[in-house]
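In what follows, a single structure is set out as structure tokens and then discussed.
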Amino acid sequence: MTITLHTEMRGNIGHIRFGKPPFNYACPQLLGQIADAIDVFDATVDVRCIVLSSEGKPFCGGADLAGDETLAGDAGMDAVAGLYGQAMRIFRRRKPMVAAVQGAAVGAGLGLALAADFRVAAPAARFSANFVRLGFHQGFALSHTLPRLVGEQKAALMLLSAARVKADDALAWGLIDRLAGQDELLDRALDLAAEIAENAPLALQAVRATLMADTLAKIEAVLAHEHAQQSILKQTADYAEGVASVFERREANFIGR
């Protein structure tokens with residue numbers, strides 16, 4: 001498992017760029033490194049806004065439930081709990097964050113994109129909560145963050161159909177905030193961050209804290225609920241079939257057990 005993470009300051013903007021080729025799969029170690037970098041920027045007085053981006057074609061392909069032995073093994077749900085613990089650290093940051101989404105944001109990758117305050121996406125971006133296709137329950141607090149952004153009906157459609165939402169639809173739905181060309185994606189994400197960063201830093205943190213005050217408690221509670229449901233469904237034949245079908249690139253044959 002090769003994880004790369006680079007940070008840099010661009011004026012009052014802290015930029016975090018991560019990579020875990022080829023699909024940038026989420027895992028506790030990757031999220032922990034992202035959370036560590038966010039903690040550093042939170043503690044850096046000159047940083048007023050954070051930009052999160054990734055290397056390669058996908059933004060984040062989700063958690064590798066078939067290929068990652070840590071997540072797929074008997075203790076896999078303990079690893080998922082660790083992943084959600086790191087996710088909670090990301091949600092608890094003090095400063096606003098913009099995600100630059102260049103490609104697929106799937107499953108936990110969608111959760112990571114929605115953990116940012118704002119999203120700028122390229123035309124090639126795709127957004128999918130594909131958990132039911134795996135015989136699984138959604139996680140990464142998507143039970144709360146997704147309907148909060150797009151409304152309950154569209155969230156239900158994404159969660160129950162596992163449909164892939166294209167970038168233009170994502171913009172119309174409010175899933176992303178701006179659409180940018182592939183070659184200018186990072187620049188446009190930095191532009192949005194600069195619009196935020198030109199404002200008073202203590203006021204930015206105070207306003208974000210107010211906006212997130214009730215939300216953080218709801219996210220923590222929903223993460224615990226999601227983990228409990230995932231732990232139950234992980235024991236089913238449908239989950240084993242769903243994960244195998246993705247790994248083997250074929251249609252799943254679910255039996256309801």
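By convention here, the first residue in the shown sequence is residue 1.
Between Glu8 and His6, every side-chain heavy-atom pair lies at or beyond the 4.5 Å cut-off. At least one side-chain heavy atom of Leu112 sits less than 4.5 Å from a side-chain heavy atom of Leu52. Contact of the His225 side chain with the His137 side chain is registered, since non-hydrogen atoms from C-beta on lie closer than 4.5 Å.
Ring geometry, Tyr84 versus Phe140: the interplanar angle exceeds 60°, so the pair is classed perpendicular (tilted spans 30 to 60°).
Applying the side-chain hydrogen bond (donor to acceptor under 3.5 Å, both in side chains) test to pairs two or more places apart or on separate chains, those with a residue in residues 117-127 are Arg93-Asp117, Asp117-Arg208. For residues 153-181, the pairs satisfying side-chain hydrogen bond (donor to acceptor under 3.5 Å, both in side chains) are Arg178-Glu195, with sequence neighbours left out. Residue pairs meeting the side-chain hydrogen bond (donor to acceptor under 3.5 Å, both in side chains) criterion with at least one partner in residues 35-53, sequence neighbours excluded, are His15-Ser53, Arg17-Ser53, Asp36-Arg89, Asp39-Arg89.
A donor and an acceptor atom, one from each side chain of Gln102 and Ser54, are located under 3.5 Å apart.
Aromatic pair Phe254/Tyr239: ring centres not closer than 6.0 Å.
When the salt bridge (charged side-chain N to carboxylate O under 4.0 Å, His left out) test is applied to Glu248, the partners found at least two apart in sequence or on another chain are Arg250. Judged as a side-chain hydrogen bond (donor to acceptor under 3.5 Å, both in side chains), and not counting sequence neighbours, Tyr25 has no contacts. In this structure, the side-chain hydrogen bond (donor to acceptor under 3.5 Å, both in side chains) partners of Glu220, at least two apart in sequence or on a different chain, are Arg92.
To the nearest 0.5 Å, the span separating CZ on Phe41 from CE on Met97 amounts to 11.5 Å.
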